4 protein chains.
Amino acid sequence: MVVVTIGLTDRLVGLVANLMYAENLSEINWTMNQGITTRDKIMEAAETVFSQKGYYETAVDEIVKQSSTSKGSVYFHFPSKESLFLAVMDHLGNRLIRRVEHAIDRQSKPSERLETALITTLETLTKHKTIAKLLLIKGYSMGETFPRKRQEIFSRLAALIKVLLDDISVAKKRREINTEVAAYAWLGAISEVVVQWIENGNPHPVLEAFPTLRALIFKSLDLEE
Amino acid sequence: MVVVTIGLTDRLVGLVANLMYAENLSEINWTMNQGITTRDKIMEAAETVFSQKGYYETAVDEIVKQSSTSKGSVYFHFPSKESLFLAVMDHLGNRLIRRVEHAIDRQSKPSERLETALITTLETLTKHKTIAKLLLIKGYSMGETFPRKRQEIFSRLAALIKVLLDDISVAKKRREINTEVAAYAWLGAISEVVVQWIENGNPHPVLEAFPTLRALIFKSLDLEE
Amino acid sequence: MVVVTIGLTDRLVGLVANLMYAENLSEINWTMNQGITTRDKIMEAAETVFSQKGYYETAVDEIVKQSSTSKGSVYFHFPSKESLFLAVMDHLGNRLIRRVEHAIDRQSKPSERLETALITTLETLTKHKTIAKLLLIKGYSMGETFPRKRQEIFSRLAALIKVLLDDISVAKKRREINTEVAAYAWLGAISEVVVQWIENGNPHPVLEAFPTLRALIFKSLDLEE
Amino acid sequence: MVVVTIGLTDRLVGLVANLMYAENLSEINWTMNQGITTRDKIMEAAETVFSQKGYYETAVDEIVKQSSTSKGSVYFHFPSKESLFLAVMDHLGNRLIRRVEHAIDRQSKPSERLETALITTLETLTKHKTIAKLLLIKGYSMGETFPRKRQEIFSRLAALIKVLLDDISVAKKRREINTEVAAYAWLGAISEVVVQWIENGNPHPVLEAFPTLRALIFKSLDLEE
DNA sequence: CATGAATGAGCGTTCATTCAT
DNA sequence: TATGAATGAACGCTCATTCAT
């Protein structure tokens, strides 16, 4: 396939598009470099501001300013402040879960899959502070809607971990442990350590906490270290 | 100093107060034995409403109504809505910590002290849903002040647990574990399990989760079960 | 009964009120000259502004400014802009109807009662332009609520007139006329004449229109003029 | 001048227009025979929506949706929402007046012309509820512009009726009646009866009200019935 | 001419806080 | 001390209008 890159004024882009459509030339692939969509600019700005100030302390006007768009645009793309917030949550939640899934997929040994899940979660939350802040701290308390979304994301993560635990648990024959509870417990443990790091910078840096978390988990599951 | 005890109706209390104020007699000290103080009525009402709806979704008027006092009273006893919220947090946090301390004091064996701390925390959060809701869920995201208070309470609890872990750890010679991190991890594990229970009723009931939590902790610390 | 008029500062008024209440002296009648209540100031301002600009073109802030109170006060006394509007409508509607009723009461002869109703309605709408404007012109088109209120007021007036017509109709034996329809027709005739006067100053002045209206009505009902 | 008639799809129409614009070929005159013009679709939709919800409660977007055109089209054909509204009013007003004029033209006897005017007005308002709603109810209160338009239409109708009354009045020698006032009065009577019918369904159906209205008018003008 | 994303002024409503009684 | 009317800054949301394609 030949890729031709040409520069066109916005006006001509429209004309060419029309002509191509009229002449049924739609198989020509072209990618319009529209820079970043308005919707994306808003999402990004919302992620930034929400994670800095939380839902209630963020005024829609701040997101508008941060995204250099307009109030009208925000409400054109999202029906309400709340739905914008949830869209951001969804986006970040999916990002976190997808990363963990990908990382796990590359491992085959059960105990290594578990370790990978743990370290990836910790790393992602660490590198993308906005995810951590929104998911673990700043979003709370938003009426009925936020907790539900938070639950959704956590339960998807917990389900992931539960499967890993089941694999190991089965292999290691420890029946007195409810793997669902254990999954949530480990999620909670990781969350709290990350929260401490974010709020206090204590302990410093987070990944120093990893050996301890890893040891606790492996020991608790009778896995050889 | 002469102490005069007189019984006055609520109405007259106000009247006398007005007169005293008008006549500049404010040096007269009086203690009203109202059984339940207005301040306490407000605190109680605030605890109820805040834990149901969270900080931002609670209007001061709702606390006024719930406490059958008045707006003026709230702002006489507390300089702001925020300080009222923090007072409630303090109160509940202290209650939780005191309970754990008392429970621990009655045990001497390190591993039993740890188990007691765990079970008492879980029980208190379970029996006093308002504590759990405010501490773990509804309070978040309140600007800068709330997280600080949440940290304060958590760090006091973590310090408590750290000591217990140190005792055991020392006894058991496991040096690769940072007991501070471990303390926060266990707090997080407990919190998350409680949060799941509150939000989802999953798993049901919470105390059923205890064996799993206990097993995880003991195993992870090489304690005999 | 002895009426004592004393001037008290606002502060003392409160104290005296308290004392009187405490001592069960509530039978003493006193009228506090509080000037005009905030609520009344708001109602008055709303009447003025609404009748000048109509419901939709009036911003609550204009009523606030006109009443020299505050936005908070408006929403303390009325749950919404709409309810404030309806309160004004009620007030003016009642005023109009009460006037007509009082005027009628002073007449005994049926045809004179009818004439009195006609002339009083015309006069009131003429003298109190705000009533006319709100009732006949500026209020319309307010979703579902206003028309219902307008109907309520008109139907009360129509019922009044219907009774008058029934008295005469019976006396004069004209059965082919439905008095309810006739009542609304006469109301409509009067309204339209007033509306023309308000909008066009045509014909000028309204009361000049009275002989014509009177003649039409009397003729149409076979009354001697 | 050469007129070329070609068939183009909608899409191509836009494309050609763009090209013409880009090439400054705007002097080429073309007439698209679209059956129903976009302008007409908008007018029709506006009539429907405005008469259902009134001016202020109608958003331009609703008219766009109802007409299955676009916001751009609305603002291409009409400079503003207000002017669109007035265009609709004009259209409906003209329709009403034309009907009355045509009906009158077919009668020669003065009293029959009057009766025809009365009945045609009533019938038109009844059969075309949108006219009635916009003219008598939903349009009101639109700043300064609407009342002026409403006045214009009413005064044209009144002028029509005045002539009829003059004919009769002259014939019947009743000088004390100002025919202009009478014309407005009768218009108001009819309007109010129609309004009652629309709002309350009372009396039911409108045309049942006709004998009463007719009797009132004829009697009031000393016409034989 | 048609389209619809973008704009921003404007508005109704909330609510923490004050203060005269 | 208790009360509750009064205050006004702040905020979420709407919608008429514009303009690039």
Side-chain angles (χ1 to χ4, degrees), chain A residues 9-18 37-39 56 58-62 64 69-77 79-82, chain B residues 10-11 13-18 20-22 26 30 32 34 38-39 56 58-62 64 69-77 79-82, chain C residues 9-18 37-39 56 58-62 64 69-77 79-82, chain D residues 10-11 13-18 20-22 26 30 32 34 38-39 56 58-62 64 69-77 79-82:
Chain A
T9 66
D10 277 352
R11 162 134 243 122
L12 281 180
V13 164
L15 287 179
V16 171
N18 275 339
T37 331
T38 301
R39 196 176 189 279
Y56 286 101
T58 295
V60 174
D61 273 318
E62 299 177 62
V64 167
T69 59
S70 68
K71 219 174 209 171
S73 280
V74 170
Y75 280 90
F76 179 80
H77 289 287
S80 66
K81 180 188 176 188
E82 184 178 321
Chain B
D10 270 358
R11 173 114 229 145
V13 164
L15 178 54
V16 172
N18 275 338
M20 277 169 42
Y21 177 82
S26 53
W30 60 347
M32 273 175 296
Q34 299 178 321
T38 299
R39 194 176 190 280
Y56 286 100
T58 295
V60 173
D61 272 314
E62 299 176 64
V64 166
T69 59
S70 70
K71 226 170 199 173
S73 282
V74 169
Y75 279 88
F76 178 81
H77 289 290
S80 67
K81 181 189 175 185
E82 183 177 323
Chain C
T9 67
D10 277 350
R11 161 137 245 122
L12 281 181
V13 164
L15 287 179
V16 171
N18 275 339
T37 332
T38 300
R39 195 177 190 279
Y56 286 101
T58 295
V60 174
D61 272 318
E62 298 177 64
V64 167
T69 58
S70 68
K71 222 171 203 172
S73 279
V74 170
Y75 280 88
F76 180 81
H77 289 288
S80 66
K81 181 188 175 186
E82 183 177 324
Chain D
D10 271 358
R11 173 116 228 143
V13 164
L15 177 54
V16 173
N18 275 339
M20 277 169 44
Y21 178 82
S26 53
W30 60 348
M32 272 172 296
Q34 300 179 320
T38 300
R39 195 175 189 281
Y56 286 101
T58 295
V60 174
D61 272 315
E62 300 177 62
V64 167
T69 60
S70 70
K71 225 169 200 173
S73 282
V74 170
Y75 279 88
F76 178 82
H77 289 288
S80 67
K81 180 188 176 186
E82 184 176 323

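Below, chains carry the letters A, B, ... as their sequence lines are ordered, and counting in each starts from 1. Since this is a predicted model, take the numbers as computed values, not measurements.
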Atom CD of E62(B) and atom P of dT14(E) are separated, to the nearest Å, by 12 Å

Symbol by symbol from the 5' end, with Watson-Crick or G-U pairs under 3.5 Å, [ ] crossing and | another strand, DNA chain F is .||||||||||||||||||||

Sequence neighbours excluded, the answer for side-chain hydrogen bond (donor to acceptor under 3.5 Å, both in side chains) partners of T58(C) is none

Across all chains, not counting sequence neighbours, the salt bridge (Lys or Arg N to Asp or Glu O under 4.0 Å) partners of K81(A) are none

Heavy-atom nearest nucleotide on DNA chain F taken for K81(D) and for A59(A); more 5' hit belongs to A59(A)

Readout for nucleotides 4-10 of chain E: B = base within 4.0 Å of protein heavy atom, S = sugar-phosphate only, - = neither; 5' to 3' it is BBBBBBB

S70(A) meets the side chain to side chain contact (heavy atoms under 4.5 Å, CB included) criterion, sequence neighbours left out, with S73(A)

Whole-Å distance, Y75(C) OH to dG8(F) C1', equals 14 Å

message = For a 4.5 angstrom cut-off between non-hydrogen side-chain atoms, does V60(A) reach Y75(A)?
response = yes

Rounded to the nearest 0.5 Å, the CZ atom of R39(B) sits from the CZ atom of F76(B) at a distance of 11.0 Å

To the nearest angstrom, the CD-C1' distance between E82(B) and dC15(E) comes to 15 Å

